[in-house]
Peer 1: 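Have a look at this one before I ask anything.
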There are 2 protein chains.
Amino acid sequence: MDVEEALRRNRPTAWFEPDGITLSREMIEELIAGACQAPSDFDLQPWRFVVVRDQERKEILHQCAYRQVIVREAAAVLIVCGDTRGHDRVAEIVAEKVEQGLVPAADAPRVEEGVRSAYEVSDRNRLLLAARGAAAAATALVLLATGWGIATTPMVTFSEDAVRRAFHLPDRFLPVFLVALGMPSTSRPQPVRAARCPVARVVWHEDGPG
Amino acid sequence: MDVEEALRRNRPTAWFEPDGITLSREMIEELIAGACQAPSDFDLQPWRFVVVRDQERKEILHQCAYRQVIVREAAAVLIVCGDTRGHDRVAEIVAEKVEQGLVPAADAPRVEEGVRSAYEVSDRNRLLLAARGAAAAATALVLLATGWGIATTPMVTFSEDAVRRAFHLPDRFLPVFLVALGMPSTSRPQPVRAARCPVARVVWHEDGPG
């Protein structure tokens, strides 16, 4: 499915058909591998995914997500996390750029230090690194799944602390979204997507409004 | 271009061909309209875009972005902002859901209040709302542009304060990315994209590592 169509068709599913579709471990890993090609800060790829397919684990996640029915009825739910220490990979990324002739070897330490200090400077910057990364990967994953005929519901309503504890996430990982995957119910009402804001309401040309 | 291919092909362009391509105001608005179909928290669509095509304005943005050459040589640069007050639209979104029979009219005030309070509770949650929104829209835009044969470079290295001041952005809008658009230079080296992490390094099944 082309990008335009995936963008037009994607929408949060309100109800899944329990047992409507089985998503194999391999299929979900393929989906994640595709999503990992999304762009990220300095190509750091600051994301992690917990794949929840087991019914008992889904019940636990359902509790963490304020008992939203969709979590227990989905074929699988991904906990999409951002990595607040994603910049720890910078040496690896810069080494590749040196090899490609994009960064002179002599400049590598300076470039590395620049990226590292951009994130070391504040919790806020590390939070943004993680949130941007998880959101880029989740968006790519939703579009890819839409193309494959798998319905998705990205969710932000859950207890971050409860998810961390129940799924043993070290502090550096920020759970940003739950993405529920499955087959839409045909017997329960599905949302027409909210109307899009007209472009004129979200675009300014050359200068902001302030 | 299908989603898989757009994901495989997208990569940050290191050098643009100055005057290599002209991007009309209409074409950029069409791109943005497509990107605005990305998923967002409660469908709030918490994003705004400043389109910078004028050469003098690009020079100003170039200063705000620590004189990165790519900003002045791009055909256009978008300042992709998140809206930390995106939840102010919740009444509009919930009214649509009531109309669609997804939320009983009697529950609307409670649902609205739930969404509003989720963001009113902390600066952190409003920052995450804005960052997630801008990242989702920027990712969709990059994939769409890739499909249209337009090269993109999403950037996070710029002075937030300088951009705010020079482009008159009210406090509620968080500039999250600059996305430079143009035609790749054929005479200067372009990056092969950083190697992707193997899936096994970013996925956990059923439980995290902690």
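Below, chains carry the letters A, B, ... as their sequence lines are ordered, and counting in each starts from 1.
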Peer 1: Please report the interatomic distance NE2(H205(B)) to CD1(I28(A)), rounded to the nearest 0.5 Å.
Peer 2: 8.0 Å
Peer 1: For T139(A) versus A38(B), what's the shortest heavy-atom pair and its separation?
Peer 2: CG2-CB, 4.4 Å
Peer 1: I need the H168(B) NE2 to W204(A) CH2 distance, nearest 0.5 Å.
Peer 2: 12.5 Å
Peer 1: Atom CZ of F177(A) and atom CG of D41(B): how far apart are they, to the nearest 0.5 Å?
Peer 2: 6.5 Å
Peer 1: Can you confirm whether R48(A) sits close enough to P209(B) that some side-chain heavy atom of one is under 4.5 Å from a side-chain heavy atom of the other?
Peer 2: no
Peer 1: Is the side chain of D43(A) donor-acceptor paired with the backbone N or O of R11(B) at a distance under 3.5 Å, no angle test?
Peer 2: no
Peer 1: What closest approach, in Å, do D207(B) and A166(A) show between heavy atoms, and which atom pair accounts for it?
Peer 2: OD1-O, 3.9 Å
Peer 1: Please classify the contact of E4(B) with chain A as side chain, backbone, both or neither, using a heavy-atom distance under 4.5 Å.
Peer 2: both
Peer 1: Less than 4.5 Å to any heavy atom of chain A: does that hold for the side chain of L7(B), its backbone, both, or neither?
Peer 2: both
Peer 1: Below 4.5 Å from any heavy atom of chain A, which atoms of E99(B) appear? Answer side chain, backbone, both or neither.
Peer 2: neither
Peer 1: What part of V142(B) gets closer than 4.5 Å to chain A, counting heavy atoms only: side chain, backbone, both or neither?
Peer 2: side chain
Peer 1: Less than 4.5 Å to any heavy atom of chain A: does that hold for the side chain of V199(B), its backbone, both, or neither?
Peer 2: side chain
Peer 1: Given a strict heavy-atom distance threshold of 4.5 Å, which part of E29(B) is in contact with chain A: side chain, backbone, both, or neither?
Peer 2: both
Peer 1: Given 3.5 Å as the limit, does a donor-acceptor pair link the side chain of E206(B) with the main chain of R57(A), or not?
Peer 2: no
Peer 1: With a cut-off of 6.0 Å (strictly less than), are more than 12 heavy atoms of other residues, nucleotides or ligands near CZ of R196(B)?
Peer 2: yes
Peer 1: Pick one of side chain, backbone, both or neither for R201(B), based on which atoms fall under 4.5 Å of a heavy atom in chain A.
Peer 2: both
Peer 1: Once rounded to the nearest 0.5 Å, what's the spacing between atom CG of D2(B) and atom CG of L144(A)?
Peer 2: 9.0 Å
Peer 1: Closest approach of A136(A) and A135(B), non-hydrogen atoms and distance?
Peer 2: N-CB, 4.4 Å
Peer 1: Quick one: what part of P154(B) sits under 4.5 Å from any heavy atom of chain A, side chain, backbone, both or neither?
Peer 2: side chain
Peer 1: Just so I know, are the side chains of V51(A) and V203(B) near enough to count as touching, which here means a heavy-atom distance under 4.5 Å?
Peer 2: yes
Peer 1: Quick one: CG on N125(B) to CD on E160(A), what's the gap to the nearest 0.5 Å?
Peer 2: 8.0 Å
Peer 1: Considering only heavy atoms, which portion of A200(B) lies under 4.5 Å from any heavy atom of chain A: side chain, backbone, both, or neither?
Peer 2: neither
Peer 1: Heavy-atom cut-off 4.5 Å, strictly under: side chain, backbone, both or neither for A118(B) against chain A?
Peer 2: neither
Peer 1: Pick one of side chain, backbone, both or neither for E92(A), based on which atoms fall under 4.5 Å of a heavy atom in chain B.
Peer 2: side chain
Peer 1: Applying ring pair (Phe, Tyr, Trp, His ring centres under 6.0 Å) as the test, list every pair that has at least one member in residues 124-157 of chain B; sequence neighbours left out.
Peer 2: none
Peer 1: Which region of R188(B), side chain (C-beta onward) or backbone (N, CA, C, O), has a non-hydrogen atom less than 4.5 Å from a non-hydrogen atom of chain A, or is it both or neither?
Peer 2: neither
Peer 1: Which region of T157(B), side chain (C-beta onward) or backbone (N, CA, C, O), has a non-hydrogen atom less than 4.5 Å from a non-hydrogen atom of chain A, or is it both or neither?
Peer 2: side chain
Peer 1: Which atoms of L174(B) come close to chain A, meaning under 4.5 Å heavy atom to heavy atom: side chain ones, backbone ones, both, or neither?
Peer 2: side chain
Peer 1: For V77(B), is it the side chain, the backbone, both or neither that has a heavy atom under 4.5 Å from a heavy atom of chain A?
Peer 2: neither
Peer 1: Can you name the nearest heavy-atom pair linking V156(A) to F42(B), along with the distance?
Peer 2: CG2-CE1, 4.0 Å
Peer 1: Heavy-atom count check: over 12 atoms from other residues, nucleotides or ligands less than 6.0 Å from E56(B) CD?
Peer 2: no
Peer 1: About how many Å separate CH2 of W15(B) and CG of L102(A), when rounded to the nearest 0.5 Å?
Peer 2: 9.5 Å
